[in-house]
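Quick notes on the structure that follows.
In this text, all values refer to a predicted model and were calculated from it rather than measured experimentally.
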Amino acid sequence: MRKRTLLASVGSGVALSLSGCMGMIGNGSDGESNSNTYLDAKEWEGVDDPSNLPFPTHGEALPSATLPAPLRDGTEFSMPDDFETDLLVTFIYTTCMTMCPRLTALMAQTQDYAREEGYSDQVSFVETTFDPARDDADAFREWADKHRVEMDDGNWYFLRPENKDRAKEVVQENYGVYFTKTEPEDMDAYMFSHTGVILLANKKGYVERAYKLQAQQNPESPRVSRQEINDDLATLREREG
């Protein structure tokens, strides 16, 4: 279980994007390169010590978790131990209409890129829900179809914690991705405010990049394009050999 908390990031003066599901991807990494990583580290703008961020950043081991995969007959997968590939990992819920579609779109575009470059079998894409009450196999199938996820490639995994307590333990406490349930009076269904993060990890299970969503309403917020993620993945694949 990760020792970091949301308070750590707040204490360092970092504003996590938690307003509904709004935002776009920002830049991520920390410190200097080490023997466990292949990409050069990048600085976090306005962050003196990225180790205070609640989610893992450059050079840190990807936290471990074992969860069922509903679209794979409920087989449990342990991340990162069951994956002998590079990993792109994010956390979503399928009734989200703003942040989560953007996270998935970036992941799906990178899946397309890996296919085009001929190394689909060397990269795995993992989306873990923090809304297991609604996100079952049917919800994941609809989400994949809606957002052009190619399930036939065999490298995309939807993971579903057994219940809300397990979701909090894995997503928030283990991976440092904050979420909180909101039930506005003028809405029939509950939603979530949450951090938006995509993690890129190498085959050894260490984080190379952490791409964090920034506030969409801020025109000065940095934007990470699909090209940047594709370039990072291409460089990682080249250096891993």
Side-chain angles (χ1 to χ4, degrees), residues 1-5 8-9 25 27-42 44 49-69 72 75-92 103-104 106-107 110-111 113-114 117 119-130 153-161 166-167 169-178 195-212 224 228-241:
M1 183 178 297
R2 292 181 61 77
K3 299 299 183 183
R4 295 173 174 181
T5 65
S9 66
I25 286 287
N27 221 356
S29 223
D30 72 308
E32 297 184 1
S33 186
N34 59 57
S35 61
N36 293 318
T37 58
Y38 299 89
L39 301 184
D40 297 331
K42 289 184 178 179
W44 280 79
D49 184 3
S51 67
N52 285 330
L53 290 167
F55 45 82
T57 54
H58 185 270
E60 296 188 76
L62 191 69
S64 298
T66 301
L67 297 169
R72 296 174 182 265
T75 300
E76 289 193 340
F77 287 87
S78 294
M79 189 167 54
D81 295 345
D82 286 343
F83 297 90
E84 297 180 355
T85 65
D86 297 323
L87 282 168
L88 271 171
V89 179
T90 195
F91 306 88
I92 56 97
L103 291 167
T104 303
L106 285 164
M107 297 266 286
T110 306
Q111 183 192 38
Y113 175 78
E117 294 299 310
Y119 48 72
S120 286
D121 60 340
Q122 295 299 312
V123 188
S124 297
F125 302 83
V126 181
E127 287 197 312
T128 298
T129 180
F130 42 86
D153 283 4
N155 59 2
W156 195 286
Y157 298 76
F158 289 106
L159 301 184
R160 178 177 180 256
R166 179 64 173 153
E169 177 186 359
V170 171
V171 178
Q172 187 163 307
E173 297 177 7
N174 201 28
Y175 284 91
V177 175
Y178 175 82
T195 311
V197 174
I198 294 177
L199 303 175
L200 171 62
N202 61 40
K203 291 191 292 185
K204 296 188 293 186
Y206 288 87
V207 175
E208 297 279 0
R209 290 284 185 266
Y211 308 100
K212 177 183 167 296
V224 170
E228 181 170 354
I229 299 176
N230 290 347
D231 288 347
D232 284 340
L233 179 60
T235 301
L236 175 60
R237 295 293 311 125
E238 179 183 347
R239 293 180 181 178
E240 282 182 314

Side-chain donor/acceptor of [X] to backbone N/O of [Y], under 3.5 Å:
X: H58; Y: L39; answer: yes
X: D153; Y: N155; answer: no
X: T90; Y: V197; answer: yes
X: R239; Y: Y38; answer: yes
X: E60; Y: T57; answer: yes

List in chain and number order the residues that pass side-chain hydrogen bond (donor to acceptor under 3.5 Å, both in side chains) with [X], two or more places apart in sequence or in another chain; answer none if no residue qualifies.
X: S78; value: T66
X: D81; value: none
X: E240; value: R237

Atom pair [atom1]/[atom2] of [X] and [Y] - distance to nearest 0.5 Å:
X: N202; Y: T85; atom1: CG; atom2: OG1; answer: 10.5 Å
X: Y206; Y: L199; atom1: OH; atom2: CG; answer: 15.5 Å
X: I198; Y: T110; atom1: CD1; atom2: OG1; answer: 7.0 Å
X: F77; Y: S124; atom1: CZ; atom2: OG; answer: 9.5 Å

Are [X] and [Y] packed together at the side-chain level, in the sense that at least one heavy-atom pair is separated by less than 4.5 angstrom?
X: L233; Y: V123; value: yes
X: Q111; Y: W156; value: yes
X: L67; Y: E76; value: no
X: F83; Y: V126; value: yes
X: I92; Y: T104; value: yes
X: P68; Y: R160; value: no
X: V177; Y: Q172; value: no

Basic-acidic side-chain contact under 4.0 Å: E208, K42: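 Not counted as a salt bridge, because no side-chain N and carboxylate O are separated by less than 4.0 Å.
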
Run the side chain to side chain contact (heavy atoms under 4.5 Å, CB included) test against S64 and tell me which residues pass, sequence neighbours left out. P80

Stepwise side-chain contact (heavy atoms from CB on, under 4.5 Å) check, L200 with Y211: CA-CA 8 Å; L200 171 62; Y211 308 100; 4.0 Å; yes

For this output row, return yes or no: ring centroids of F55 and Y175 closer than 6.0 angstrom.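 Not under 6.0 Å, so no.
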
Minimum heavy-atom distance between [X] and [Y], given as atom pair plus value:
X: K204; Y: S35; value: NZ-O, 3.0 Å
X: D232; Y: R209; value: OD2-NE, 3.5 Å
X: V207; Y: A210; value: CG1-N, 4.5 Å

Classify the side-chain pair Y119/D86 by whether it contains a donor and acceptor separated by less than 3.5 Å.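 No, because no side-chain N or O of Y119 sits under 3.5 Å from a partner of the opposite role on D86.
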
Going by the rule salt bridge (charged side-chain N to carboxylate O under 4.0 Å, His left out), which residues pair with D121 if we only count those two or more places apart in sequence or in a different chain?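 Checked D121 against salt bridge (charged side-chain N to carboxylate O under 4.0 Å, His left out); zero matches.
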
Taking salt bridge (charged side-chain N to carboxylate O under 4.0 Å, His left out) as the definition, give me every residue that meets it alongside R72, ordered by chain and number, with sequence neighbours left out.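 R72: no salt bridge (charged side-chain N to carboxylate O under 4.0 Å, His left out) contacts found.
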
Check whether more than 12 heavy atoms from other residues, nucleotides or ligands sit under 6.0 Å from atom CD of E84, and answer yes or no. no

Kindly determine whether I229 and Y113 satisfy side-chain contact (heavy atoms from CB on, under 4.5 Å), including the steps that lead there. CA-CA 10 Å; I229 299 176; Y113 175 78; over 6 Å; no

